[in-house]
Novice: 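Quick one: the structure is below, questions incoming.
Just so you know, ligand 1 is whichever comes first in the structure, and atom 1 is the first atom listed for that ligand. Just so it is clear, the structure is predicted and the values come from calculations on it, not from any experiment.
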Amino acid sequence: MTVDLGALAANYRELVRRAAPAGCTAVVKADGYGIGLEPAAAALAKAGCDTFFVALLDEARRLRAVVPAATIYVLNGLHHGTAAGFRELAAQPVLGSMPEIEEWDVFAREAKIRLPAAFHIDTGMRRHGLAPADAEALAKGLKLLHFSPSLVMSHMACADEPDHPMNARQITDFRALAARFPGVPASLANSAALLALPDARFDLVRPGIALYGGRALLKGDNPMRPVVRLDLRVIQVREANKGDTVGYSAAQTLGRPTRIAVVSAGYGDGIPRASGSSNRQKGADAIVAGRRCPILGRVSMDLISIDVTDLPVGAVKRGDVATLLGEGINVDDLAESAGTVGYEILTRLGRRYHRHYVGG
Ligand SMILES: *Cc1c(COP(=O)(O)O)cnc(C)c1O
């Protein structure tokens, strides 16, 4: 697995350029979308990023060791009893329910310091986030709190489809709610909204997937550079006959004499089991000796078979590599073959890869 930190930094700078005059933060939750939280954050900080979002306090702890002075927001908010941990790390919870706000307020009152935190207002996701009526009430009683909001945010449900009617409604609702918190920076846009919905940019944008080279918008070109490359080791090249079957459940029957390259990786490394092939369904492709070659049969835990019959004899041998990501195959191609999204491919990248970080 090769992670191009130069491409990550270039993607960040491109998003900074597109977001301006809004400020650009970086979402590095789920181990930096699978590429490694620490190297990702270090490269982003070097590229000028000073505000990061993670999902969990444990992630904030790892992040703080890399970016001692940055602003860190924890999207999943204040889990019960963890306020002291936030204070110790100078990390800010994104408070998304009244019980969280009450707990943080009590902690701030007893600590006798005005610990900042963010407010998340729900405008359509119906997951973490304050009901708009609670946000209105909070805005009226802001002076009664023992802390100050540093950010007011919401999250879009359908930004990957810029024409979806829900986008305009969420932007309008959020604009009205954010205005109830004068002087507090506002943030709504994820990668897709940053790229395609200028009205959603407000003061700070929160891209994740676009930083890592994944597709943020369902349609159109992806302007971001790929960050992750996967080169899998070929451990054997073998011949099989027409009518033979390949892999578990004998799901793929060969329709011709076939040369198979067996590679040492599988779903235990996060390669989706659903990206295999069967008699009914084509699977993902890999690049072997410069050519696109299809996966044959089920993806096993540690092994994958690839059809290299169309390569010249001897073009691939034991010890060569098959490229599953890279050489024109991106995370979204692999995702599509498995009926999922690039986000899931990235965040499931396995722990067994030898990871090369380049360009950092
Ligand atoms: C994950 C997340 C983001 C980043 O979304 P992308 O689609 O990866 O750009 C932004 N905001 C919130 C609240 C998130 O959970």
Side-chain angles (χ1 to χ4, degrees), residues 8 11-12 14-16 18-19 22-35 37 40-41 44 49 51-57 59-60 63 71-78 92-97 100 117-130 151-162 164 166-167 170-171 174 177-178 185-197 200-220 222-224 226-228 330-332 335 340-349:
L8 176 71
N11 287 342
Y12 178 72
E14 175 64 16
L15 295 175
V16 167
R18 290 179 185 233
C24 189
T25 72
V27 181
V28 294
K29 61 193 179 190
D31 201 27
Y33 284 51
I35 74 164
L37 173 63
L44 290 162
C49 184
T51 302
F52 295 85
F53 288 85
V54 289
L56 304 172
L57 186 58
E59 295 175 325
L63 180 56
T71 301
I72 299 177
Y73 288 109
V74 176
L75 288 165
N76 282 14
L78 180 68
Q92 300 188 43
V94 176
L95 303 171
S97 67
E100 283 173 77
F119 289 153
H120 189 157
I121 308 173
D122 179 32
T123 54
M125 283 292 280
R126 315 282 183 261
R127 43 176 214 190
H128 194 228
L130 296 160
L151 182 72
V152 54
M153 57 172 270
S154 188
H155 192 48
M156 301 191 71
C158 304
D160 57 351
E161 296 176 76
H164 196 290
M166 191 146 171
N167 294 324
Q170 283 194 278
I171 292 168
F174 181 66
L177 287 160
S187 175
L188 179 62
N190 59 0
S191 300
L194 154 56
L195 291 174
L197 297 167
R201 286 177 196 151
F202 292 90
D203 299 308
L204 282 182
V205 296
R206 309 187 306 269
I209 193 72
L211 290 169
Y212 307 98
R215 162 180 288 285
L217 298 164
L218 290 180
K219 294 198 196 110
N222 177 358
M224 311 318 293
V227 172
V228 178
N330 58 44
V331 286
D332 299 290
T340 182
V341 289
Y343 295 79
E344 191 172 357
I345 300 294
L346 287 172
T347 55
R348 291 195 175 191
L349 286 167

Novice: Could you check ligand 1 for N or O atoms lying under 3.5 Å from protein N or O atoms and list the pairs with distances?
Specialist:
| residue | atom | partner | partner atom | Å |
| --- | --- | --- | --- | --- |
| ligand 1 | 7 (O) | Tyr343 | OH | 2.6 |
| ligand 1 | 8 (O) | Tyr33 | OH | 2.5 |
| ligand 1 | 8 (O) | Ile209 | N | 2.8 |
| ligand 1 | 9 (O) | Ser191 | N | 2.8 |
| ligand 1 | 9 (O) | Ser191 | OG | 2.5 |
| ligand 1 | 9 (O) | Gly208 | N | 2.9 |
| ligand 1 | 11 (N) | His155 | ND1 | 3.4 |
| ligand 1 | 11 (N) | Arg206 | NE | 3.0 |
| ligand 1 | 11 (N) | Arg206 | NH2 | 3.1 |
| ligand 1 | 15 (O) | Lys29 | NZ | 2.7 |
| ligand 1 | 15 (O) | Arg127 | NH2 | 3.3 |

Novice: Can you name the salt bridge (charged side-chain N to carboxylate O under 4.0 Å, His left out) partners of Asp122, sequence neighbours left out?
Specialist: Arg126
Novice: Within the structure provided, determine whether Leu211 and Leu15 are in side-chain contact (heavy-atom separation under 4.5 Å).
Specialist: yes
Novice: Can you name the closest pair of heavy atoms from Ala30 and Thr347 and give their distance?
Specialist: CB-CG2, 3.9 Å
Novice: About how many Å separate OH of Tyr33 and CD1 of Ile345, when rounded to the nearest 0.5 Å?
Specialist: 15.0 Å
Novice: Checking His120 against Glu100: is there a side-chain donor and acceptor pair closer than 3.5 Å?
Specialist: no
Novice: Sort out for me which residue in Arg201, Met156, Met166 forms a side chain to side chain contact (heavy atoms under 4.5 Å, CB included) with Ile171.
Specialist: Met156
